[in-house]
Every structure is written in C-alpha cells, then in structure tokens.
Amino acid sequence: MTVRLRPHHLLCMLTYVGKGYSEAFTANYDEVIKRLVAGETIELGEGPDDICAPLLGDADPHCLWDSVRERDAKAAAAVSRLLGRQVKNGDTIELDAALLSTFRREFKKGTTREACGGCEWFDLCSDISRTNFPGVRLTR
C-alpha cells in the first residue's frame with residue numbers, strides 16, 4: 001500500500017505533533033503517520049490527499065484553495081532540490097531514516113520553508129524544528 005500525499009504535506013509531516021484542524025483530522029493524521037512509520041511508500045499526488053480526507057466535507061475546504069496549490073508547487077520544487085531530481089505527480093518516495101533526517105535538517109535550516117509561507121501552522125512548526133523536533137509522531 002502507499003500513502004498518497006500532496007507535496008506540501010511532505011514538509012508538514014516533519015513537525016506533526018498531534019495538533020490539527022479538528023479531532024477527526026488529527027485522528028486521521030495519526031493513522032497516516034502510523035502507516036508511514038510502518039514503512040508504506042509515499043505517492044505524490046495533486047490536490048487533496050490522505051491527510052486532507054476529513055476536511056473534504058467542509059463547506060469550503062482550504063485544501064482546494066489556490067494558496068494551498070501554490071504551497072504544493074513550492075514544496076515540490078524544494079523536495080526536488082533535496083532529492084536531486086524533479087518530483088512530479090505519481091512519483092513514489094521511500095522514506096527511510098536517512099531521508100527523513102535530511103528532510104528535517106533542511107527544514108530546520110530553512111531551505112524548504114518557502115513552501116510554508118502563509119500557513120497558519122508556520123510558527124508552531126518553526127518552534128518544533130528550532131528545538132530539534134520534540135514530540136513529533138513520524139519517527140524512524
């Protein structure tokens with residue numbers, strides 16, 4: 001099985017500590033993280049993904065907004081630079097301990113944070129990365 005993620009969620013998952021938009025959202029996010037910890041492959045996709053699922057019943061889910069699609073484009077460019085290859089819709093990523101460590105190191109340095117502009121979770125994620133990712137749920 002694979003976990004379907006939009007590009008900016010590759011960054012969000014690095015600092016996820018169990019906080020989210022609703023109880024249903026965080027319960028779902030916890031399940032997605034468990035799948036990643038268990039070794040499932042990530043498949044990059046456009047638009048709403050496995051993390052977004054609980055929000056799709058909202059009247060105007062932000063996961064459909066242009067600003068979020070722009071965040072995805074910036075995240076895809078940042079991840080492409082980190083991986084040394086262009087990532088696109090349908091690509092798969094094997095998230096091992098070394099890659100997770102690289103993603104977190106670069107996130108902390110700020111090299112991937114341009115994709116986080118305008119996000120309401122920016123300060124929380126900054127605090128988590130600044131203090132070396134305490135309490136994050138995605139571990140290897």
Side-chain angles (χ1 to χ4, degrees):
M1 294 200 45
T2 61
V3 173
R4 190 172 179 280
L5 293 181
R6 62 190 317 157
H8 86 264
H9 281 156
L10 289 171
L11 305 177
C12 298
M13 70 183 186
L14 302 174
T15 58
Y16 176 67
V17 293
K19 297 185 181 200
Y21 300 102
S22 69
E23 205 171 294
F25 179 85
T26 56
N28 178 66
Y29 207 144
D30 286 341
E31 290 303 313
V32 170
I33 293 297
K34 285 178 189 174
R35 292 170 55 197
L36 292 172
V37 169
E40 286 191 37
T41 301
I42 295 168
E43 179 183 343
L44 291 179
E46 245 178 58
D49 61 8
D50 290 348
I51 292 173
C52 297
L55 301 175
L56 295 177
D58 293 351
D60 184 25
H62 78 271
C63 49
L64 300 175
W65 296 352
D66 288 341
S67 61
V68 177
R69 285 193 292 275
E70 290 170 20
R71 206 172 291 143
D72 283 335
K74 290 177 181 177
V79 169
S80 293
R81 287 190 303 275
L82 283 181
L83 296 178
R85 65 177 172 85
Q86 186 68 34
V87 296
K88 60 189 177 318
N89 195 25
D91 282 356
T92 58
I93 296 174
E94 301 285 335
L95 187 66
D96 60 18
L99 184 57
L100 180 57
S101 178
T102 297
F103 276 17
R104 283 207 171 111
R105 181 186 67 241
E106 296 304 314
F107 186 92
K108 184 175 181 173
K109 286 177 19 181
T111 57
T112 58
R113 297 303 304 276
E114 68 271 11
C116 305
C119 178
E120 68 184 271
W121 301 98
F122 186 89
D123 291 338
L124 175 68
C125 294
S126 296
D127 290 343
I128 291 166
S129 67
R130 185 175 27 262
T131 55
N132 293 316
F133 304 93
V136 295
R137 303 254 170 115
L138 180 58
T139 61
R140 287 283 163 150

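The residues of the chain are indexed from 1 along the displayed sequence. What you see is a predicted model, and the numbers here were worked out from it, not measured in a lab.
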Write down the atom of Pro7, the atom of Ala76, and the distance for their closest heavy-atom approach. CB-N, 3.7 Å

Ala75 and Ala115 have their tightest heavy-atom pair at N-CB, 3.4 Å

What I'd like to find out is whether the side chain of Arg104 reaches to under 4.5 Å of the side chain of Val136, using heavy atoms alone. yes

Trp65-Leu55 co-clustered via ILVMFWY side chain contacts under 4.5 Å: no

Might you work through the side chain to side chain donor-acceptor pair (under 3.5 Å) test for Glu40 and Thr2, ending with a clear yes or no? CA-CA 5 Å; Glu40 286 191 37; Thr2 61; over 6 Å; no

Not counting sequence neighbours, which residues clear side chain to side chain donor-acceptor pair (under 3.5 Å) with Lys74? List them please. none

Restricting to salt bridge (charged side-chain N to carboxylate O under 4.0 Å, His left out), what partner residues turn up for Arg69, sequence neighbours left out? Asp66

Could you note down all residue pairs passing salt bridge (Lys or Arg N to Asp or Glu O under 4.0 Å) where residues 110-125 supplies at least one of them, sequence neighbours left out? Arg81-Glu114

Working note: Leu64 + Val68, criterion side-chain contact (heavy atoms from CB on, under 4.5 Å); need CA distance, chi angles, decisive distance, verdict. CA-CA 7 Å; Leu64 300 175; Val68 177; over 6 Å; no

Check whether any side-chain heavy atom of Ile51 sits under 4.5 Å from a side-chain heavy atom of Val3, and report yes or no. no

Please name all residues satisfying side chain to side chain donor-acceptor pair (under 3.5 Å) with Asn28, sequence neighbours left out, ordered by chain then number. none

Could you tell me which residues satisfy salt bridge (charged side-chain N to carboxylate O under 4.0 Å, His left out) with Glu43, sequence neighbours excluded, listed by chain and number? none

Who passes side chain to side chain contact (heavy atoms under 4.5 Å, CB included) against Leu83, sequence neighbours left out? Val79, Arg85, Val87, Ile93, Leu99, Phe103

Between OH of Tyr29 and CG of Asp50, what distance do you get to the nearest 0.5 Å? 11.5 Å

My understanding is that only residues two or more places apart in sequence, or in another chain, count here; which of them pass ring-ring contact (aromatic ring centres under 6.0 Å, His included) with Phe122? none

Tell me, with the steps shown, if Trp121 and Tyr21 meet side-chain contact (heavy atoms from CB on, under 4.5 Å). CA-CA 10 Å; Trp121 301 98; Tyr21 300 102; 2.9 Å; yes

To the nearest 0.5 Å, tell me how far Glu106 CD sits from Ser129 OG. 12.0 Å

In chain order, what residues pass the side chain to side chain donor-acceptor pair (under 3.5 Å) check against Gln86, with sequence neighbours excluded? none

Who pairs with Glu23 by side chain to side chain donor-acceptor pair (under 3.5 Å), at least two apart in sequence or on another chain? none

Tell me, do Lys34 and Glu31 make a side-chain contact under 4.5 Å, heavy atoms counted? yes

Do Ile33 and Leu124 sit in the same hydrophobic cluster, where Ile, Leu, Val, Met, Phe, Trp and Tyr count as joined when their side-chain heavy atoms come under 4.5 Å apart? yes

Checking Asp91 side chain against Lys88 main chain: does a donor-acceptor pair fall under 3.5 Å? yes

Measure from the side-chain N and O atoms of Ser101 to the backbone N and O of Ala97, and report whether any donor-acceptor pair falls under 3.5 Å. no

Under 3.5 Å, side-chain donor or acceptor atoms of residues 12-19 against the rest of the protein: list the pairs with distances, not counting sequence neighbours.
from, atom 1, to, atom 2, distance (Å)
Tyr16, OH, Thr26, O, 3.2
Tyr16, OH, Asp30, OD1, 2.8

Between the CG atom in Leu138 and the CG atom in Leu95, the distance rounded to the nearest 0.5 Å is 6.0 Å

Test item: Arg130 side-chain N/O and Cys125 main-chain N/O as donor-acceptor pair under 3.5 Å: no

Do Lys108 and Phe133 make a side-chain contact, defined as non-hydrogen atoms from C-beta onward lying under 4.5 Å apart? yes

Could you give the distance from CG (Leu5) to CD1 (Ile42), rounded to the nearest 0.5 Å? 5.0 Å

Any donor and acceptor pair, going by atom type alone, linking the side chain of Arg140 with main-chain N or O of Ala98 inside 3.5 Å? no

Please confirm whether the backbone N or O of Glu46 pairs with a side-chain atom of Asn89, one donor and one acceptor, at under 3.5 Å? yes

Quick one: ring-ring contact (aromatic ring centres under 6.0 Å, His included) partners of Phe107, sequence neighbours excluded? none

My understanding is that only residues two or more places apart in sequence, or in another chain, count here; which of them pass salt bridge (charged side-chain N to carboxylate O under 4.0 Å, His left out) with Arg6? Asp72

Side chains of Arg105 and Thr111: does their closest heavy-atom pair fall under 4.5 Å? no

